[in-house]
Amino acid sequence: MESVAVLIVGAGPAGLATAACLSQFAIPYVIVERESCSASLWRNRAYDRLKLHLAKEFCELPHMSYPVDAPTYIPKNLFVKYLDDYVEHFNIQPKYLTSVESSTYDNDEKCWVIVAKDMSKCTTVKFTAKFLVVASGENSAENIPMIPGLESFSGDVIHSSSYKSGKSYSGKNVLVVGSGNSGMEIAYDLATHGANTSVVIRSPIHVMTKELIHLGMTLAHHLPLNLVDKLLVMAAYLIFGDLSRHGITRPKMGPMTLKAETGRSAVIDLGTVGLIKKGIIKVQGSISKIKGNIVKFQCSKRISFDAIVFATGYKSTANIWLKNGESMLNGNGLPIQKYPNHWKGENGLYCAGLARRGLAGIAADAKNIANDIKSLIDSMSS
């Protein structure tokens, strides 16, 4: 049994940022990570052409900027390098291959009891902690929807986390399910590598350029969100025109308000829309069922595919191992309270990076958590 002041679960950007903020106050902590490296999602489960969709000033972790010569939109490899430098700079030493199996609050001892498995030694390790930080991420498990007949599909079925490049799909009929940023960019990558690409767009989306989003985030500091939204929608219409005849409709709520209210991001177009307009990428509606290699859509269209890529996001797994977390997380392992009051539960329980606010949200969570823990420790000792 190891007794620690703070236990952080997860060594992705949220866990690393929290560790760095705690170290600024010299608060001792232990950080555990089930994978064999930090930021495994970015390192191992991101496609090759990925760049951060927001400008670098919105994507910094606390207390360390990007190098002066870094490009405005950071590519995947440079972001991983930034995280490695961050780990080194703050001397963060995660306990890798340590998978938390349960965390319960002991009312008598007033501490969290955490049971974990050391996967390298196949042994059980136990911790007690005054404070527990859930930083295991909203992206800790792949989310593939239940589609009737999916198990009968005879081609390749992968989640976007396993997708690297469209090279191996040249000349094949590929269906991308999901029209968020990953789905639209993967569809573009497939099409430019010569795949016959279709993308399922089931719900309304805002399509923006990265410059428009940058403008919107800058204007949001000075103008009401509904006014910023009107400007962005107007500008997007001028750039892209009416996309409804191509199967893309806009939500009623503006892009900045939608992000603030629901955490859903606008799609930042990197060329996909142009290929949709040319008919190179086909837009499909909802899938009703799959039989063999035939996908039947709700409009009764039937198309044969060689591969399906599910860009249908991820889900939190915190509820699987966190007991007594009802004050902070709902049944899906996401915060009950709305942003920005989502990060604190009862009995020294916190979460970082679960509010769908990207890297800027992670930075804010980490600072809030460290400041709160410091004030509680100070009040205990006074």
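When all heavy atoms are compared, the tightest approach of Ala14 to Thr18 is O-OG1, 2.8 Å. When all heavy atoms of Leu329 and Ala318 are compared, the pair lying nearest together is CD1-CB, 3.8 Å. The shortest non-hydrogen separation linking Cys111 to Tyr105 is O-CD1, 3.5 Å. The nearest pair of heavy atoms linking Ile362 to Ala17 is CG2-CB, 4.0 Å. Contact detail for Leu376 and Ser379: the closest heavy-atom pair is O-OG, 2.8 Å. Here the shortest heavy-atom pairing between Leu150 and Pro145 reads CD2-O, 4.3 Å.
A donor-acceptor pair is defined here as one N or O able to donate and one able to accept, closer than 3.5 Å; such a pair exists between the side chain of Trp112 and the backbone of Asn347. Side chain of Lys130 to main chain of Ile373: no donor-acceptor pair is present (N/O by atom type, distance under 3.5 Å, no hydrogens or angles). In terms of modelled atom types and a separation under 3.5 Å, the side chain of Asn181 and the main chain of Ala266 share a donor-acceptor contact. Counting only distance, with no hydrogens or angles, the side chain of Glu35 and the backbone of Cys37 share no donor-acceptor pair below 3.5 Å. Not a single donor-acceptor pair under 3.5 Å links the side chain of Thr257 to the backbone N or O of Gly254. Side-chain N or O atoms of Thr249 include none that pairs as donor or acceptor with a backbone N or O of Ser244 at under 3.5 Å. Remark: the backbone N or O of Tyr66 is not paired with any side-chain donor or acceptor of Lys56 at under 3.5 angstrom. For Asn330 (side chain) and Ile336 (main-chain N/O), no donor-acceptor pair under 3.5 Å exists by modelled atom type. Of the possible donor and acceptor atoms, one in the side chain of Ser170 sits under 3.5 Å from a partner among the backbone N and O of His193. Although no hydrogens or angles enter the test, the distance criterion places no donor-acceptor pair under 3.5 Å between the side chain of Lys172 and the main chain of Thr197.
Partners of Asp106 according to the salt bridge (Lys or Arg N to Asp or Glu O under 4.0 Å) rule, which considers only residues two or more places apart in sequence or in another chain, do not exist here. Considering only residues two or more places apart in sequence or on other chains, Thr128 meets the side chain to side chain donor-acceptor pair (under 3.5 Å) condition with Ser3.
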**Message:** Under the criterion side chain to side chain contact (heavy atoms under 4.5 Å, CB included), I'd like the reasoning laid out for Lys76 against Asp48: C-alpha separation, chi angles, the key distance, then a yes or no.
**Reply:** CA-CA 7 Å; Lys76 174 183 112 169; Asp48 294 346; 4.2 Å; yes
**Asked** How far apart are the C-alpha atoms of Tyr29 and Val4, what are their side-chain angles, what is the distance that settles it, and do they pass the side chain to side chain contact (heavy atoms under 4.5 Å, CB included) test?
**Response** CA-CA 6 Å; Tyr29 66 86; Val4 298; over 6 Å; no
**Item:** Worked verdict on Gln284 versus Cys299 for side chain to side chain contact (heavy atoms under 4.5 Å, CB included)
**Value:** CA-CA 9 Å; Gln284 310 295 349; Cys299 61; 5.7 Å; no
**Message:** Assess the residue pair Tyr350 and Asp365 against the criterion (side chain to side chain contact (heavy atoms under 4.5 Å, CB included)); give the C-alpha distance rounded to whole Å, side-chain angles, the decisive distance to 0.1 Å, and a yes or no.
**Reply:** CA-CA 9 Å; Tyr350 301 92; Asp365 289 350; over 6 Å; no
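Other residues, nucleotides and ligands contribute more than 12 heavy atoms inside 6.0 Å of the NZ atom of Lys323. Shown here is Lys289, whose NZ atom has no more than 12 heavy atoms of other residues, nucleotides or ligands within 6.0 Å. Counting non-hydrogen atoms of other residues, nucleotides and ligands closer than 6.0 Å to NZ of Lys95 gives a total of 12 or fewer. The number of heavy atoms from other shown groups lying within 6.0 Å of NZ (Lys110) is above 12.
The closest side-chain heavy-atom distance from Val9 to Ile114 is not below 4.5 Å. Taking the side chain as every heavy atom from C-beta outward, Pro71 and Leu78 approach each other to under 4.5 Å. Between Asp84 and Arg43, the closest side-chain pair of non-hydrogen atoms falls below 4.5 Å. Leu175 has its side chain out of reach of Phe153: every pair of non-hydrogen atoms, C-beta onward, lies at least 4.5 Å apart. Residues Leu83 and Pro13 are in side-chain contact: their nearest non-hydrogen atoms beyond the backbone lie under 4.5 Å apart. The shortest distance between side-chain heavy atoms of Thr317 and Arg34 falls below 4.5 Å. Looking only at side-chain heavy atoms (C-beta outward), Phe127 and Val100 stay at 4.5 Å or farther from each other. Val6 has its side chain out of reach of Ile369: every pair of non-hydrogen atoms, C-beta onward, lies at least 4.5 Å apart.
To the nearest 0.5 angstrom, Ile280 atom CD1 is 9.5 Å from Tyr188 atom OH. The NZ atom of Lys301 sits 13.5 Å away from the CD1 atom of Ile294 when rounded to the nearest 0.5 Å. For the atom pair CG of Leu61 and CG of Leu16, the computed distance is 7.5 Å after rounding to the nearest 0.5 Å. For the atom pair OG (Ser136) and CD1 (Ile8), the distance works out to 12.0 Å, reported to the nearest 0.5 Å. Between Cys122 atom SG and Lys117 atom NZ the span is 5.5 Å, to the nearest 0.5 Å. Put simply, CG on Leu50 and CD1 on Ile186 are 9.5 Å apart, with the number rounded to the nearest 0.5 Å.
Leu132 and Ile92 are members of different hydrophobic clusters when ILVMFWY side chains are connected at heavy-atom separations under 4.5 Å. Both Met184 and Val176 are assigned to one and the same hydrophobic cluster, defined by single-linkage of ILVMFWY side chains at heavy-atom distances under 4.5 Å. Residues Val295 and Val200 share a single hydrophobic cluster, defined by chaining ILVMFWY side chains whose heavy atoms lie under 4.5 Å apart. Both Ile248 and Phe240 sit in one connected hydrophobic cluster of ILVMFWY residues. Membership requires side-chain heavy atoms under 4.5 Å apart, directly or through other members. A continuous path of ILVMFWY side-chain contacts below 4.5 Å connects Phe90 to Phe25, so both sit in one hydrophobic cluster.
For the pair Lys51 and Tyr73, the cation-pi test (distance below 6.0 Å, angle within 45°) is failed.
The ring pair (Phe, Tyr, Trp, His ring centres under 6.0 Å) test with Phe58 is passed by exactly one of His221, His53, His214: His214. When each of Tyr169, Tyr47, Tyr163 is checked for a side chain to side chain donor-acceptor pair (under 3.5 Å) with Asp189, only Tyr163 meets the rule. Checking each of Val267, Ile268, Leu258 against His206 for a side chain to side chain contact (heavy atoms under 4.5 Å, CB included) leaves exactly one that passes, namely Leu258. For the pairing with Val174, the side chain to side chain contact (heavy atoms under 4.5 Å, CB included) check across Leu190, Asp306, Val199, Asn196 returns one residue only, Leu190.
With ring centers used as reference points, Tyr86 lies 6.0 Å or more from His63.
Counting only residues at least two apart or on different chains, the salt bridge (Lys or Arg N to Asp or Glu O under 4.0 Å) pairs with a member in residues 341-363 are Lys344-Asp372.
Remark: the Thr312 side chain and the Asn143 side chain contain no N/O donor-acceptor pair separated by less than 3.5 Å.
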